[in-house]
Structure formats: C-alpha cells, structure tokens
Amino acid sequence: MSSINVKIEFGGGLELLFSNQRSHRVSIPAKVPLSSKPEDAEKSPEDKPADITYLMYWLRDNLLKEREELFIENGSVRPGILVLVNDTDWELEGEGEYAIQEGDEIVFISTLHGG
Amino acid sequence: MPPRNCALCDKARAIVKRPKTGQQICKDCFFHVFETEVHNTITEAQLFKPGDRVAIGASGGKDSTVLAYVMKALNDRYQYGLELFLLSIDEGITGYRDDSLETVKRNQQQYDMPLKILSYDELYGWTMDAIVSQVGKKNNCTFCGVFRRQALDRGAAMLNVDHIVTGHNADDIAETVLMNIMRGDIARLGRCTSICTQGEDTIKRSKPFKYAYEKEIVMYAYFKKLDYFSTECIYSPDAYRGHARVFLKDLEAARPSAIIDIIHSGEAFEIKEEVKATQKIQQTCKRCGYMSSNELCKACSLLEGLERGVPQAAITDRARKKLASEGGASENLRTIPYFQRPGALPPTAIVP
Ligand SMILES: [Zn+2]
Ligand SMILES: [Zn+2]
C-alpha cells in the first residue's frame, strides 16, 4: 500500500494538545476508505484519496495526547481553528475534502487562545 | 480545486477567504485591506490627534501583538504623529505571564517602542499566585479583572499618556454583546459596542480592531510571521464567556457575517434614559484617588479584604458584614499609591 508524506504544523496553542510540539512529519496511506471516520471505515469498502478529514482523524488517533473535543467537533475541525494548505486558507481548497498530495504542508492554528 | 486569482488585483493567486465579505484575495491585497480598514476605523472615529501619547495594552498575545505592529505601520504610513508605547501588566502568574512577558520584551525590540511593565505585586503587594492561594480558583477572575483595569490606567499615568488602545477584536465585541443580552445587563449593552470610552476622569480607551475579525488577525500574524504567545490562563477561565465564544464560533461557521451583524445589532439598540440613569455617579476613591462609584474603589475594597484575611468582603454580603463588625481599616493597612491622572492637578489635601 502506497503512502504519502505530509508536514504538519500546529500553532496558536493547539500544539499543547500534541505533546507541545509544533512541527511533525507524518506518513499516511494514499488511499483510504470512503468514510474518513475510522469507526465507520469497515462499512465503506470503496477507496478515495486521503483528504484533510481523514488526516484529522489520523492525527487524533496517532498524535493527539489530550482533549479531542478541542480539536474535532461534529466530524470537522472545531470552529475557531484555522487550517492552511501550503499557506492557503483551506476554505479555498475544498476544506475537509481537499485531497492531500505528497509533500503538502498542512497548518492548524487555534484562534481561541488568549488575546 | 483550481487556483483562483485574487478578487481585487486579479493578478496573484488568492490565499485567503475574507469572512466578512467572502472575497478570495491574495496575500498583498489581504495585508492592504486589513490595514486600510483599521486606518478607516481610526479616522472615522477620530481616535487620535497629532502629538498624542498612546499606550498599546500589550499582553504578548495575538491581538495586541498584531495591534502594535499595525499601529506602528499606520503611524508611519499616514503620519498620525503619535508617540507609541507598550504597556504590559504583570499579574504574577508563574508559567503564564512570565512567558508572555518575554514575548512583549521581544516585541519592544522588534517594534522599537518603549515598554513599561507594571506588576500587581508592585502596585497592590499581591501577585495573582498569592491571591489564588488565598481565595481559591473560584472568584480569582474578579480580582484579576478589577486589578488589571486599574493597573492599566496607573501604568498609563506613569507613562504620562492619555490614551490606551487595546486589541479587542470584532469577535470579542460580538461575544460581549451576546453576554450582556444573556445577563440582561442593558446598561452595559448600550456601552459595549462603542469604540472609545472616556468618562469624565478616566484615561481614554479605544479599540482600533473593533471591526477586525479574529480569523483575519490570526491570518495576518501568520503571514507576517509575527511573534506571539498563546496559551490559556492557568487559573479558571471565565466559563460564561467560554460558552458565548463557542456559540459565536458555531454561528460564524454557519454564516461568517454573524459577527459583524451582532455588532451592528448592538450598536442599533437605543438604551432608555432611565436605564442609563441607574449608573452611579462617578466619584473619587477616598483612599487611593482612583475613579469610583462608591466611597472606596473596587480595587481598594478587594485589597482590604485580602489584607484582613476576608478576601470575599467585596464580593459577598456576609463577608462584608463580618469585616464591618471588626471595625474600620487599621492605620497600617497596605493601600494603593494615590492616583494622579496625567495633566490633572495634584490633590489639594492628602486623604488617608
Ligand atoms: Zn490581490
Ligand atoms: Zn481606591
């Protein structure tokens, strides 16, 4: 099974949920089940390219150390967390459905911490 | 999705979607519109005049860091003629404020602005760590809020400035509108959307980011690679505000204009004169000279409670009665230094 390498950055206090480490390099499967949520994966045998929604659950299951509810809400990134794909607002890239490419850099920044 | 060109210049690739307008714009246009909107907010409200000495309330967090950067840029670009200062309050919270103050010190170098740090310890003789060890984590936000407000004014007086700008953004203001509605605090609802507050005897305070979305402030800091500190206060955060914030973020996710719409709704409320009249008349605290609606200002009442070992005195009636039954304040009670507004005449008599 082929995999893709992704660079992950956390900022704005979100890194506190991920061992207080801002930068991570991860390797995720290139093709994933149609339902990104691991809990539903068996029910959806078809494949799709790994997208940001899949990555979000992957990060939850592999890197997140505490308080999932501060990262994921209702199957998406919690409102108030900004996501950038190669330095572009993910709202311009299809949000959770953006299909991740080899070498992409995905940045998650919380806006919810102190002013 | 194919890359899209900027809706404004049609040359560069769009990198951000503006929450206020839905426009997709490039990095340079984003910097330009963000800064220009703040400039327009400042000029329309006529916040400054040439020669003003202005302190930026700096916490090391995203909002005040971006505010310092943008204020400096606009002051240079449009020749406001302001003298800018950074003013930080050190609440004395180990592991939180000491780290964020390091950020402010770096900002001082980066932005080349004089920095004044005033600590609770210096002003009140109590750090927040010490206060929390006495009052616990339940009511400590009351102490911190009252002490910070007065500390900012006193720090401003020490810098001899007559105007403090703070990093409150559109999300903060919309959140406050919601909270005031939910609490039925109509008098505050009428005031909370004003860009500038100045009572008769207070130092002017204003919010140049009143219409700036948090999302854009964070994006701006990210693309400019500004150095800021982000972590939650280690003592219990304001739970009520937390709920309002989550609600607001959910609204924004469904309809991004919600934030600006709530601010406009807040501005459109007309508060009846009777409600306004319930606000107490301002006087001067008989102990420290700070403006107050009672004989003693809130900070002096809280401080007296702490000093006499009845820290709830200014919060609950029961504790207040206990304090009163023990008689008046003793001679050697620690008090806050007498407050003098910049430019104001010194008090004619020194009040004990
Ligand atoms: Zn452009
Ligand atoms: Zn006082």
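Basis for what follows: all heavy atoms, side chains included, without hydrogens, waters or symmetry-related copies. In what follows, every chain begins at residue 1, and chains take the letters A, B, ... in the order their sequences are listed.
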Inset, instruction - Inspect the contact between B:D171 and B:R245 and indicate whether a charged nitrogen and a carboxylate oxygen are less than 4.0 angstrom apart. - result: no
Inset, instruction - Identify which part of B:V66 has an atom lying under 4.5 Å from any heavy atom of chain A, answering side chain, backbone, both or neither. - result: neither
Inset, instruction - Give a yes or no on whether the ring-centroid distance for B:Y120 and B:F143 is below 6.0 angstrom. - result: no
Inset, instruction - Can you tell which part of A:V107 gets under 4.5 Å to a heavy atom of chain B, answering side chain, backbone, both or neither? - result: side chain
Legend entry - CZ (B:R188) with more than 12 external heavy atoms under 6.0 Å: no
Inset, instruction - Look at the side chain of A:Q101 and the backbone N and O of A:A99, then say whether any donor-acceptor pair between them is shorter than 3.5 Å. - result: yes
Legend entry - Region of A:E97 that comes under 4.5 Å of a non-hydrogen atom in chain B: neither
Inset, instruction - Specify which of B:E252, B:K215, B:Q24 makes the most heavy-atom pairs with chain A at under 4.5 Å. - result: B:K215
